[in-house]
Each structure stands twice: as C-alpha cells, then as structure tokens.
Amino acid sequence: MVAEILSPSTSVNDKIRKKAQYERFGVKEYWVVDPVHLLVDQFVLEEGKYLLHATFGDGDTLISEPFLCVCIDLGEVFAKL
C-alpha cells in the first residue's frame, strides 16, 4: 500500500508517473491524498490495473479491504490542516 500526499509541485508526477510505476510493480492499493480539497482517492489493483474504489472526504472513515487493520478517521487527520 502506498499513500501519496499531493502538493502543487508534485501532483502531476504523483497522479501519473508514480501511479503507473506502482501499478507495474503490483502495489495492491494506492491512495492519493489531496490536503487542499480534503479528499483521498483510494485505488485498488484489479487484473493489473488501478480502479478507483472510493473517494473519501473530511469526516469519512477510510477502510482498506486488503489491509483490514487500516481504519483512518479522516476528520481527525484533516482537522490538523
């Protein structure tokens, strides 16, 4: 599992180039965290390609099916921004 936190200078690299690399190497889950819009896009690897599984916002709880121990209260995370 990989989580990328976007910044204005790296967002294109994170969303395109790095995503393709993680996909190629079989990383099962990839999160794109947008601290400006308080969103997390959760991509899950299916048949070698990432599919958008869900988008979570401020106040949601992010749960990872492949990693059941992962349960994150995004309201708590984003409250610090």
Side-chain angles (χ1 to χ4, degrees):
M1 196 281 294
V2 172
E4 289 284 350
I5 300 172
L6 299 180
S7 71
S9 63
T10 66
S11 64
V12 171
N13 188 47
D14 295 338
K15 290 171 138 178
I16 298 172
R17 194 172 307 139
K18 286 184 177 181
K19 181 180 175 190
Q21 287 178 339
Y22 300 144
E23 191 175 68
R24 185 168 21 115
F25 286 104
V27 174
K28 293 182 185 211
E29 197 162 310
Y30 172 63
W31 301 348
V32 177
V33 181
D34 183 337
V36 172
H37 297 102
L38 307 179
L39 295 172
V40 177
D41 288 330
Q42 179 186 40
F43 294 91
V44 175
L45 194 66
E46 292 186 21
E47 297 181 19
K49 290 288 182 188
Y50 280 129
L51 298 178
L52 180 62
H53 179 71
T55 298
F56 298 91
D58 187 20
D60 291 336
T61 300
L62 194 158
I63 298 171
S64 172
E65 290 180 23
F67 306 99
L68 294 175
C69 62
V70 175
C71 181
I72 300 171
D73 178 352
L74 293 177
E76 187 177 319
V77 171
F78 290 140
K80 299 176 193 308
L81 297 180

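Keep in mind it's a predicted model, so treat the numbers as computed, not measured.
Atom NZ of Lys28 is separated from atom CE of Met1 by 13.0 Å, given to the nearest 0.5 angstrom. In this structure, Thr61 OG1 and Leu74 CG are separated by 7.0 Å, a value rounded to the nearest 0.5 Å. One distance of note links OG of Ser64 with CD1 of Ile72; it measures 8.5 Å at 0.5 Å rounding. Put simply, CD on Glu4 and NZ on Lys19 are 12.0 Å apart, with the number rounded to the nearest 0.5 Å. To the nearest 0.5 Å, atom CG of residue Asp60 and atom CG of residue Leu38 are 11.0 Å apart. Rounding to the nearest 0.5 Å gives a distance of 7.5 Å between CD of Glu29 and NE2 of His53.
Side-chain atoms of Val33 and Val40, non-hydrogen and from C-beta on, do get closer than 4.5 Å to each other.
Shown here is Glu65, whose CD atom has no more than 12 heavy atoms of other residues, nucleotides or ligands within 6.0 Å.
A single hydrophobic cluster is not seen to contain both Val70 and Leu39; linkage of ILVMFWY side chains at heavy-atom distances under 4.5 Å, directly or through other members, places them apart. Follow the hydrophobic side-chain contacts under 4.5 Å out from Phe56 and you never reach Ile63; the two are in separate clusters.
Among residues two or more places apart in sequence or in another chain, the side chain to side chain donor-acceptor pair (under 3.5 Å) test is passed with Asn13 by Arg17.
Residues Trp31 and Leu62 share a closest heavy-atom pair of CZ2-CD2, 3.2 Å.
With side-chain heavy atoms closer than 4.5 Å counting as contact, directly or through intermediates, the hydrophobic cluster containing Leu52 also holds Val2, Leu6, Tyr22, Val27, Tyr30, Val32, Phe43, Leu45, Tyr50.
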